[in-house]
Each structure stands twice: as C-alpha cells, then as structure tokens.
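Report on one structure; see the data block that follows.
Note that ligands are numbered from 1 as they come in the structure, with each ligand's atoms numbered from 1 the same way.
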Amino acid sequence: MRIDRAEVIVTSPDRNFVTLKLTTDDGLIGLGDATLNGRELAVVAYLHEHVVPLLIGIDAHKIEDTWQFLYRSAYWRRGPVTMAAIAAVDVALWDIKAKAAGMPLYQLLGGASRTGLLAYGHASGKSTSELFDSVRKHQAEGYKAIRIQTGVPGLKSIYGIASNATLEGNEGKRYDHEPAQRGAFPAEEDWDTRSYLRHVPTVFEAVRNEFGPEIPLLHDGHHRMTPIQAAKLGKSLEPYDLFWLEDCTPAENQEALRLVRQHTTTPLAIGEVFNTVWDYQQLIREQLFDYVRSAVTHTGGISALKKILEYAAQYQVKSGMHGPTDISPVGMAAAMHLGLAIHNFGIQEYMQHGEKTNAVFSQSFTWNDGMLHPGNKPGLGVELDVDEAGRYPYETAYLPYNRLADGTVHDW
Ligand code: GCO
Ligand code: MG
C-alpha cells in the first residue's frame with residue numbers, strides 16, 4: 001500500500017484550517033491536521049515544498065519510519081512549523097492504517113481504556129453575572145467541567161473574553177474568541193497583572209458560592225505572570241479547589257515552575273505551545289506540573305504525543321490535550337482516539353466548531369452528558385468535503401497581542 005497522492009487543503013469556514021490529505025494506490029484516504037493558528041501558510045509551504053514530494057511512493061504502513069525520516073532528514077529539528085507538518089503526515093498515516101485494518105484508530109493504540117472522555121468548555125464574561133450565565137449555558141449543554149475566564153476591572157479586552165462578549169449581543173452564538181481575528185494586523189489588547197491578581201480570586205469565590213464545590217473549574221493564565229506572581233495566584237486560588245491553573249508563566253522556561261510549585265498545591269497545566277518531548281523533559285522528571293497541554297496537531301502527531309504521555313505517566317502526570325477551535329475536527333478526532341487509549345488521560349478541552357466547519361468536516365464523534373467519544377468508524381472517523389472546503393478560501397488572520405498601560409509589549 002503506497003502513497004499515490006498528497007494534497008494540502010486550506011479552507012476557512014469559520015476560521016482557517018490546513019489539512020493534509022493522503023491517498024493510497026488502493027484508494028484509502030488519510031487526513032492530518034496541520035493548522036498553526038495565525039501562521040497557517042508557513043506550514044502549507046513546508047508541506048508543499050518539502051514534504052509532499054517525499055511522500056509519493058512511500059509504504060503507507062511505515063508510520064514510525066516515516067516520522068523518523070521526516071524529523072531526522074530535515075536536520076533542523078523541532079519548532080512549531082516543522083512539528084505541525086510532521087504531525088499531519090503521522091495522523092494521516094494512522095488514519096489510513098486504521099481504515100486498512102477496518103478499525104477505529106483507538107483500537108490500534110491499545111484499545112479503549114475508558115468509556116468516554118471528560119471534556120471542559122470555556123465559560124466567560126466581562127462581569128460576574130455574564131460569567132454565571134455562561135456557566136449555566138455550558139451546564140445546560142452537558143459540560144461537567146468548566147474553564148472560567150473573566151473580565152478585569154479597568155481592562156478593556158483580554159484573553160478569553162470576546163470584546164463583544166455580551167450574551168445578549170451574541171444570542172445563540174457560541175463565544176469564540178479563538179479564531180485569530182481576520183485582518184491584516186494583530187488586534188491590540190491591554191494588560192495589568194496586579195489588577196488581574198486582585199480580581200481573579202474574588203471571581204472564583206463567587207463561582208464556588210453560586211455553583212457549589214463539586215464542579216471541576218479550570219483557569220488559563222495565558223503566560224502572563226512572573227514565577228512569583230504565579231505562585232501568589234496559585235496560593236490565593238487554593239480555597240476554590242481548581243482542577244488546574246494553566247500556563248501561569250511563559251512556557252519556554254521550564255525552571256520557572258519550580259518556584260511556583262514550592263508555593264502552591266493548585267495543580268498546574270502547561271504545554272500548548274510546546275512541540276517536542278524536550279520541552280517537557282525537566283517538567284516531567286521533576287514533577288513540576290500535572291497536565292500535558294500539547295495537541296496532537298502541534299507535537300509531531302499521535303506517535304510523538306503518545307511517547308510524551310507515556311513518559312509523563314511514569315511520573316503521574318496526565319493528559320490535558322489542547323482543544324480550542326483552532327485544532328481542526330481532524331486534530332480533535334486524533335486527540336479523542338489517543339485520549340481513549342492511554343492510561344493517564346486527564347481531561348480534554350472541547351470548544352465546539354461552528355456549523356460551516358462541521359459541513360466541511362463530517363465527523364463520527366459523540367458528545368453525551370459531558371463526555372466525548374471518537375466513534376467507531378474505521379480510521380479517525382472524519383471526512384473532508386473538498387468542494388465544500390473550496391467555498392471558503394484562506395483569509396489572513398492574526399492572534400491578538402498585549403500592551404501594558406505604558407505601551408510595553410507583554411506576553412499574550
Ligand atoms: C486554550 C488556548 C487557546 C489559545 C489558542 C491560540 O487554552 O485553549 O490558550 O485559547 O489561545 O489556541 O491559537
Ligand atoms: Mg491555553
């Protein structure tokens with residue numbers, strides 16, 4: 001079974017997605033997600049110019065060998081563009097192998113270790129009452145675990161809160177700030193860490209008083225704090241029993257979490273911007289965190305993320321795979337198959353894709369009572385309608401960025 005055709009499909013139904021479609025000589029199709037939010041075309045070029053020509057004629061069954069060949073023959077290692085491109089090939093080959101076997105992909109990864117995947121959604125609001133409405137809306141949709149992001153008094157727009165996020169204004173429309181905003185330049189947001197640190201614990205106190213002690217609550221710091229500020233936040237949130245505090249410090253400095261860890265028992269999650277096991281080496285070995293945030297899409301695919309998670313398992317670190325809408329339905333399906341199979345599954349982030357996206361990608365997963373399941377179709381269980389995809393050409397879009405009151409650029 002050889003690869004006969006390799007196509008890179010760019011589509012922008014509700015947002016930009018990059019998909020690799022591999023076709024074998026016996027007609028099996030494999031899909032892989034290569035979407036790198038805000039830098040999509042860099043991965044398209046990497047695939048088009050340097051990977052697609054190497055794939056034609058290879059044995060589609062050789063997943064590990066192809067991974068090693070693409071990683072090592074490039075000489076230049078790691079990095080989000082390279083690893084997203086390799087991920088797309090890896091996932092497409094797993095899709096093909098599982099279709100050839102006539103099995104849902106999770107069966108080839110060891111079989112199901114659980115009946116479904118606990119998923120969390122994103123509740124947010126500029127004010128506490130808007131936030132409560134958003135939590136209730138998520139509960140009504142079945143979510144059993146909820147991320148809490150809130151506006152901060154004095155700040156106009158910040159991560160996790162759409163600038164037009166009033167429920168009234170968006171009636172019926174899911175909050176979706178995750179699309180990088182379409183436009184030729186990144187939108188500017190403002191930031192003040194002291195105001196944030198004062199405000200967030202009051203919000204969690206209000207949420208616990210309103211919704212009780214049971215519901216797992218999460219929060220994303222989105223890389224904005226210094227280690228000592230993060231330690232302070234973790235400590236001040238301890239009474240509210242968070243499931244996790246995510247990306248409390250900029251992720252590239254693994255050592256920063258040592259200091260945070262010394263001061264707080266609030267569980268920590270990090271790694272959505274990481275792309276190899278090396279980004280986790282110290283974190284895992286020293287048990288400096290609790291949840292691996294990497295997506296299959298950005299970490300070299302199922303083969304590579306499975307290895308990271310198996311390493312993490314030896315240290316009681318669990319999965320918490322990234323699942324915003326910038327992970328395509330193909331990437332989400334890959335995450336669900338992997339999450340179902342591994343032993344150390346923790347939780348799966350799940351923001352729901354829009355209708356246009358679901359029309360481009362038909363999917364077999366189920367969402368029942370707060371739990372995801374990838375479904376039982378052979379392969380990933382996702383099909384791409386190329387004609388439908390063609391209706392939505394790529395649109396330039398950027399993630400926002402941050403400035404402090406004095407104009408200094410800050411981490412976003
Ligand atoms: C999350 C992430 C996203 C990222 C986005 C960037 O926890 O879901 O932080 O919100 O900002 O995926 O592309
Ligand atoms: Mg995050």
Is the His122-Tyr143 ring centre distance short of 6.0 angstrom?
no

Which bit of Arg147 gets closer than 4.0 Å to ligand 1, counting heavy atoms only: side chain, backbone, both or neither?
side chain

Tell me, yes or no, whether the heavy-atom count around Lys235 atom NZ, taken from other residues, nucleotides or ligands under 6.0 Å, exceeds 12.
no

Atoms in ligand 1 flagged as close to Leu399, the criterion being non-hydrogen separation under 4.0 Å:
6 (C), 13 (O)

Nearest neighbour of atom 13 (O) of ligand 1 from the list Asn37, Leu36, Thr35, on a heavy-atom basis
Asn37

Under 4.0 Å from a heavy atom of Glu272: which atoms of ligand 1 are those, numbered in the order shown and with their elements?
1 (C), 2 (C), 3 (C), 4 (C), 7 (O), 9 (O)

Atom name in Asp220, limited to N/O/S, at shortest distance from the Mg ion (ligand 2)
OD2

What do you reckon, does Met351 put a non-hydrogen atom under 4.0 Å from ligand 1?
no

How about Trp412 and His223: are their ring centres within less than 6.0 Å of each other?
no

Determine, using ring centers only, whether Phe204 and His219 are less than 6.0 Å apart.
yes

Looking only at distances, please establish whether an N/O atom of ligand 1 is found under 3.5 Å from an N/O atom of Trp412.
no

Under 4.0 Å from one or more heavy atoms of Pro324, ligand 1 contributes atoms 8 (O), 12 (O)

When you draw lines from the Mg ion (ligand 2) to OE2 of Glu246 and to OE1 of Glu272, what angle lies between them, to the nearest 10°?
80°

So, do Phe243 and Tyr120 have ring centers that fall under 6.0 Å from each other?
no

Using a 6.0 Å distance limit plus a 45 degree cone around the ring axis, check whether Arg403 lies over the aromatic ring of Trp191.
no

Within the stated cut-off of 2.8 Å, is an N/O/S atom of Glu349 closer than that to the Mg ion (ligand 2)?
no

Numbering as shown, the atoms of ligand 1 that approach Asp326 to under 4.0 Å (heavy-atom distance)
5 (C), 12 (O), 13 (O)

Looking at Arg293, which atoms of ligand 1 are within less than 4.0 Å of one of its heavy atoms?
1 (C), 7 (O), 8 (O)

Tell me if the aromatic rings of Phe274 and Tyr280 count as close, with their centers under 6.0 Å from one another.
yes

Could you tell me whether Glu383 atom CD has more than 12 heavy atoms of other residues or ligands within 6.0 Å of it?
no

